[in-house]
Every structure is written in C-alpha cells, then in structure tokens.
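Let me begin by presenting the structure, written as structure tokens, before commenting on it.
Quantities reported herein were computed from a predicted structural model and do not represent experimental measurements. Each chain gets a letter, A, B and so on, in the order its sequence line appears, and its residues count up from 1.
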Amino acid sequence: MALFAEVIVDVPTLQTNQPYSYKIPERFEAFIQKGMRVIVPFGKGSRTVQGFVVGFSDQTTFSGDIKEIQSLMDNSPVLSEEMITLGSDLAYQTFSFQIKCYQTMLPAVLKARYVRVIRVIDEIDEDLLFDLFKGKDRISWEEAEKADSLDIVLKLEKENKVHIDYLVTDKSTVKKEKYVRPLLSYEHLEEMKMGIPSNAHKQLILLNLLQQMEKEEEQPVTAFKEHGLSLSHIRTGEGKGWCEVVEKEVLRDPFSDITFEQSQPLSLTADQKLAFDTIDRAVKTEQHEVFLLQGVTGSGKTEVYLQTISEVLEKDKGALMLVPEIALTPQMVERFKGRFGDRVAVLHSGLSDGEKYDEWRKIERGQAQVVVGARSSIFAPLKKIGLIIIDEEHETTYKQEEFPKYHARDVAVWRGQYHNCPVLLGSATPSLESRARAMKGVYTLLELSERANQAAMPQVKVIDMREEAKNGNRSTFSDVLLTELDKRIHKNEQAVLLLNRRGYSSFVLCRDCGYVLECPNCDISQTLHMDTKTMKCHYCGHEEGIPRNCPICTSPAIRYYGTGTQKVEEELQEYLPDARIIRMDVDTTRKKGAHQKLFKRFEQKQADILLGTQMIAKGLDFPDVTLVGVINADTSLGLPDFRSAEKTFQLLTQVSGRSGRGQKTGEVIVQSYNPDHYAIQKAKHHDYDSFFKKEMNLRRLSEYSPYYFLLKLSVSHENEMTAAKKIHEFIEFLKPSLSEQAIILGPTPKSIARTHNRYHFQTIIKYKKEEKLKEKCHELLMNTQKEQAKGLYISLDYHPLDFI
DNA sequence: AGCACGCCGACT
DNA sequence: GTCGGCGTGCTC
C-alpha cells in the first residue's frame, strides 16, 4: 500500500493549485481510492477542507510534517481516472484552478459546505454562557457573527475554554422511500385476524393487504396509503410483529409522470444514409474522427443521431449528446425517451440539484447509456463512450463564460480521443471555424442538402425599411408584414415573430441609408456610450464623437437603435386587435416551466402569433406555422463583434427554418435597413456556401478567426490608473515572446468600464502560431500572485467568444 | 481562502 | 508597558 495520497485541496488560489501529500491512516488503507473526496486538515489552525485524491505515492519531496487524511467522503470514487486527467488538462488550457475544474465536472451537491461550530470545552462565565450560548454547549460561527461576538469567541479560544470545529459536509441527499415488508406467512396473518378487536377496521385492512403479498416482499408505503392506511396504522402492525417498515434508496425521476410514446426508426434519405454509414463505420472500428454534419433546417439530423446512437448501444457503449439549453424542449426529450426509454438520462437547468445528482448517479452506475443535456453534460460519467454529438455546434452557449472558461467542443474532442470514438458536430449553419476545418480535412464533412419530407425551403422576402420610412411609415412593422400576418390569422395559420435583440450594446444606425458607424481600425461596429457621449470601439479603444449626420448620406436621421419586446407587442396589438399573441422574453419565461407552458399553448393553437427573442429561433417544430417575421435583422449586424455577420446569417437561417415545416409551404419576411447586406442576402437564398466564401475572405482581410487565433487578457482594479498601468505592463511582458505575425489590439477600457467600483481593461492578442504564448501566460499569472492577492484581478480567456 | 506571525500606534 | 491594527507569507 502506498504511503501517501496526493490530494487537490479546495482552496482556489494559484499557490495551492497542486497536489498535497497526506498520510493514509491504517483504517482507510483498504478503502481509499483515486477519485474519492476526502476531508483533510489544511493550514496552521485546525481548519479542514475538502479535497480530491488524484494519486498515490511512496515518497514525497515535502520536508515538513505530513498530516493525515481525516476522513473519506465517498464509498466509491466520484472522479474516474479519465476525469482526473481531464481536470488537470482543462486547468492548464483554460488558465483555471484544478479544484474549480473538478467541481465543475461534478453535480453541485457534491461540492463542499463548510460549517464552523464553537463548542464549549471548559467552565466559562455563567452570564456569557447564557447570553451567547443560550445555555447550549455549542453554537454556529454564523450565530456568533450575528451576535457580533466573534472577538469574545476568539478570546475564549485562546483561553482554551471553547474549541472551534471545522466541519466539512456536502449537500448530497439520497432520497429514501419507505417500504412495507410482511414478516408472517399468509396463515400466520390469518391467525392474527382473530386477535384484533372487531372495530379495528384499519388493522383488518392492513392484514388483508399483507396477505396479498409474499412473505418478505416489499411494497411502498404509498401503495398502502391508497387503501386509506396511514403510516401510524402500519407502525401499529409493525409493533405487533406482522410486518416491518424499511427505507430504500430511490432515484428521483423527473419524468416519472410522463409516458413516452415508443418511436420507431424512420427510413433514411440517401443523404442521411450516407452520413449514417460513414459515422457508423467510425463507431464500429473505434476510430476517433471529428465529423461535421451540415444539414439544412428540417433535413433530419436528429434521425441520423438517433440511429447512430442505436448502433453505439448495440456495441454496449454509451452516447453523449449536447444540445443548447433552449433547444432542450419537451419535443426533443420525447424523441429520445421514445426511442431509448429508460436508457436516457436528461440533464438540464430545470432540474433541482437533487434531481441532477440522481441523473448523474444513474449514468455513473451504468443504468443510463444515453445522455442528453446542455454544456456541462460533456462531463457525464459514462465509462465507455462510443459517440459524442454536439448539435447546433455553432452555438455560443457551449462556451462557459465563468471559470473554467471551457468550450464543450474542445472537451468533446478530448474525450473522443480518450475513448477512441467519433465526435459528431451538427448544424445547419456551422461556425466558420468548424467549416474551415472541414475544408482543410481536419474534420470530415457530411452534408444533408434536402429537407427530409421533401418540403421546399421557405420563400424569404426582404423588406427595405428605408423605403418604408420614405413612404412615411415610421412604425416597427412594414405594411407587407402586417398584411401577411392578417392573412394568417384569417386562414387559421400561425406566425412566429422574432425580435432580434442579441447583446445589450447600443449602436447608431442611419434610418435613411442603413449605415452603421464602424471603427476605422478594426472593421467592427462602434458602441454608443452615453456616459461619455462618445462612440467607442471595444477592440482597440478608438473613440469619436456621436455623429449628428450620417457620414454617408448626410441624413440627420442617424440615431440609437433598439426596441423592447413589450413595446412591440403593444404596437402589434394595436394594428391587429383580433390577433392572439404570446410574448416570450426573459420577463415572461423567468418562472420555471414557463417556457414549456407558452410553447404548449402555441402548439395547441391557442394563439396566432408567437413573438419573442432569440429563444424562439431554435429547434421548434410547429406544422401550422407558415410565416416567420424578423422585425429587426440589423440589431445583430450592429454588434461590436467581428462575428456579427456570421451570427446574423445563422439567426436568420435558423428562424427561417421554423416556417413551412408541415404540408403547407412557408414564408419568411425579414425587415432591414441594410437589405443588401450579404448576411441577409445569403440567408434569403439559403446559400451557406457562398456566405462562407464571402465571410472567409473578409476574415482573412481583417485578420480574424479562423485565420487568426485570439486570446483575451482582462485586468481590473479599484484604481483606474493601476489597472491601466498594469495591463500595459503585462502586454510588454508578453510582447517579446510573440512573433512578428501577432497583432495586439488595445488595451481598452471595457464597455462597462467601471463595475463594483472596479475599473476594467482588456486587450486582445491575434496570432497564428505562438508556441510559447500559453506558457508565457502561465508565467505571467505566477509572477503576479502577490498583486493578485492585493486586489488586482487578471483573467485570461483562450479563444474568447465575448468581446464586450 | 483563512490563519498565524510580525511590527507600529493609543490605551489599562 | 500591552492590546490590537492589518501587511505578508504559507498551507502537505
């Protein structure tokens, strides 16, 4: 047996971001395993913290006294060998702490909770005992804090009158249910009937029910309650030795009250079959390969997923499928549960922590082999993975914006390599990065170019809002859109209206010519800052005055652009008084399950128009929707982001795909002040390929991804000068190790330059190949530990998606 | 993070 | 003289 356990402790700092050696007490020798959570003493006092055992060793270089592990928190490991390695890799790649990675990979309930308890161990002053301890022998740290008596407590501790216990627990609760078990045989129970009073009806019922069971068979107490028996009735029987009540561990099933209709595999189109065969070959030969499945909206990507997963299950392996949170609709869950039944575990944000934990255990124990879920499901504890799918791979929600700032796609590829299994990226509108990789042969491209049910792609009309303005229509809606909406209401068909409100930044747009003010250096939109009354570029910091007239057409109608959903709804109701409208935005969907309810209402045709933001663009399948309207296509074009055209194209394509899914052909109306913009024109013609070509060319010229990689460095401090000085200093530190090719944008104050009384600055490094950059960044973080401890905040984001 | 050690100002 | 302020450095 190894002498020491190597433990990653729950102290998220750089200095402690390494394994610590602990002695293994004899009593744990037989039980301790890699990947278990342990409680260890840490630091000078008697503080204890949670830790993860990541390895064992027979010797240690540490010269000080080595402490012992205090206790084990698990009976079996919560982290597999794979997860231990993945966590430490992830920490390095994302500039994060190992402990944070492990915590992110596990259900929230397994995270440590720390409780400090003050316990009286010697005679103390009676008044004090009464005042502070209320006559008890212990109180919690929080109670003492509330009573403002921490100074007294610390004094008492010095005098050895009280002891402070550091307790480590977690929030994991295993749900238990009570079961009844007869202890007597049928005949024996029959005899018992003689002995009870004639008016003891409940007892008689109980005896009868017990007689219907085999001896020692178990039935839940709830089954007895249906016959009018309470727990106390059963307890009486228990007292008489007829039966006993036992507790059994059960898994919460969030879908227990829903029955899923069994669904059968559909026959595949030629395209689908080809895609299926190609992926299936990689599954069968256990080859790691990344596939990009590019299929137009409605081309049946999901059916390809389902059938490939079936093959994976045949091989006795598991499959992992990631979808964006908002696409995790009951419709989607139904399709998976319908095909694979109980073998599916679903992880989404609507579940309680306890429910998530149970789904996690179901996977861990091998009771579920198919996992469907949002971003963090990429860490699902499947032991043998045969396939990983990322649906809507272009979605930005796959990148976590908090530490660790990981991208699920990168983790998917990592796990795919580990398990020797294919990774399948699916989208109607792949990110430029993925498509470019497919062109270079890094990924294998598979295409589905036709809709599965032979339905035609919807007709897209682009309405020039400048013309509308010229004709005196200054409202949110064009005449054409209103007319078409009215038609739908009378034909008893439905419409979806998208209010494009991507991001929160404001920009200025010319209402006469559609011009958006751009940065002369960075080719991205400038953002309006009312505090300084200027236009600013978020990338390089360029700043200029707010234009009074359009620099292109000299019109004075150049102004701030943006509208709220509620305002739009009111306006729409005015124009169409008979329309039944469902509004979906953050306000109406805040409550748990509100989302589903609203969709259900729309599905049951209790409304004519579904008006909403981004959340209505994805994955919905309503056969009676024959019109999709995009109210303001320009909002996403004006984003201060070099991906604004790509995001606009994706959004328009996705939302157009909602129209004409049934038998009737669909129509799409896009309102814009920039009707000729290529993102809008290419979306209109459903032409991904030529959009890709055009956008790639622009990216090459403006030196952005996928031609360049990006790294974002953010610094903040309560003192503006310090923050500014430091970020310059850090750039100077990194610069010498960069090649000629690298380009540094900024530094610049962030759009919200001051939050929580801190000043934020950021800089973006564009580069092609910098072998030493990552290492140098780690060096930077190590060198600045002291300053970081003194309130200087440094954050590095590898492949950032967010520049605001 | 949290705690102890350590070196300077206003009190019993 | 001491109590206690929070600056600094370490935690197997």
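- Counting any heavy atom pair closer than 4.0 Å across all strands shown, Pro41(A) reaches sugar-phosphate atoms only and no base atom.
- Going from atom CD of Glu157(A) over to atom P of dG2(B) covers 15 Å, rounded to whole Å.
- Residue contacts for Tyr166(A): at a heavy-atom cut-off of 4.0 Å it reaches the sugar-phosphate backbone alone, with no base atom in range.
- A salt bridge links Glu729(A) and Lys726(A); the closest N-O separation between the charged side-chain nitrogens and carboxylate oxygens is under 4.0 Å.
- We find that Arg116(A) and Glu157(A) are not joined by a salt bridge, their nearest charged nitrogen and carboxylate oxygen being 4.0 Å or further apart.
- Lys786(A) comes within 4.0 angstrom of sugar-phosphate atoms only, judged by non-hydrogen atoms across all strands, and of no base.
- Following rounding to the nearest Å, Gln50(A) (CD) and dG2(B) (P) show an atom-to-atom distance of 15 Å.
- The side chain of Arg116(A) contributes no N or O atom lying less than 4.0 Å from OP1 or OP2 of dA1(B).
- A salt bridge links Lys399(A) to Asp797(A): at least one charged side-chain nitrogen sits closer than 4.0 Å to a carboxylate oxygen.
- Sparse packing is recorded around NZ of Lys725(A), with 12 or fewer heavy atoms of other residues, nucleotides or ligands lying under 6.0 Å away.
- No hydrogens or angles considered: nothing links the side chains of Gln33(A) and Asp74(A) as a donor-acceptor pair under 3.5 Å.
- A pairwise comparison of heavy atoms in Pro19(A) and Ile8(A) identifies N-CD1, 3.7 Å as the closest pair.
- The residue Asp65(A) sits close only to the backbone: its heavy atoms come under 4.0 Å of sugar-phosphate atoms, none of a base.
- Here chain A contacts DNA chain C (any atom closer than 4.0 Å to a heavy atom, that is under 4.0 Å), and the contacts span dT8(C) to dC12(C) from 5' to 3'.
- Residue-level contact check: Glu6(A) touches neither bases nor backbone, having no heavy atom under 4.0 Å from any strand.
- Contacts of Phe42(A) with the nucleic acid, taken as non-hydrogen atoms under 4.0 Å apart, include base atoms.
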